[in-house]
Structures are given as C-alpha cells and as structure tokens.
Amino acid sequence: MMMWWWILIPFVLVLAVFLYNKRNGQNTVMDEKPMDILNSRFAKGEISKEEYEEQKRTLNIKN
C-alpha cells in the first residue's frame, strides 16, 4: 500500500504543474500588440496590401 503513495504523489504534483501552466498560457495571446497581429496577418496572406496599409493608418491614428 505504501508503494502507491510514491506513485500517486508525484503524479498529482506533475498534473498540478501542468494544469497551472496551461491556465497561465492562455494569457500570452493577450500580450500581443495590435501592430504585431496586423503584421502577422499580412505575412500569412490573410489580408491584402491595401487592407494592411489602411489598418496600419488606422492604428497609427489611434496611437
């Protein structure tokens, strides 16, 4: 019976660390600046050059 504690305790600790990191990892997307997102979308080809320039002007006006 004592052997199960040596297996269960590390398993619970690893699980707790994993869940803690997963929960905190969700906030990393929020740290991106609008220009970073715009540059990324343009680089991926999601938006055209005209859309990129227009949105860039809009972001620069707000700053």
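The shown structure was predicted, so the numbers you read here are calculated from the model rather than taken from an experiment.
For the atom pair Lys56 NZ and Leu38 CG, the distance stands at 8.5 Å (nearest 0.5 Å). One distance of note links CG of Asn39 with NZ of Lys44; it measures 12.0 Å at 0.5 Å rounding.
No chain of hydrophobic side-chain contacts below 4.5 Å, direct or via other Ile, Leu, Val, Met, Phe, Trp or Tyr residues, connects Phe11 to Val14. No continuous path of ILVMFWY side-chain contacts below 4.5 Å connects Val17 to Val12, so the two sit in separate hydrophobic clusters. Ile9 is connected to Trp6 through a chain of hydrophobic side-chain contacts under 4.5 Å among Ile, Leu, Val, Met, Phe, Trp and Tyr, so both are in one cluster.
Shown here for Met35 and Tyr52, the closest heavy-atom pair between the two residues is CE-OH, 4.4 Å.
Two residues are said to be in side-chain contact when any heavy atoms from C-beta on lie closer than 4.5 Å; Lys49 and Phe42 meet this criterion.
A side-chain donor-acceptor contact under 3.5 Å links Thr58 to the backbone of Glu54. At distances below 3.5 Å, at least one donor-acceptor pair connects side-chain atoms of Glu51 with backbone N or O atoms of Ser48.
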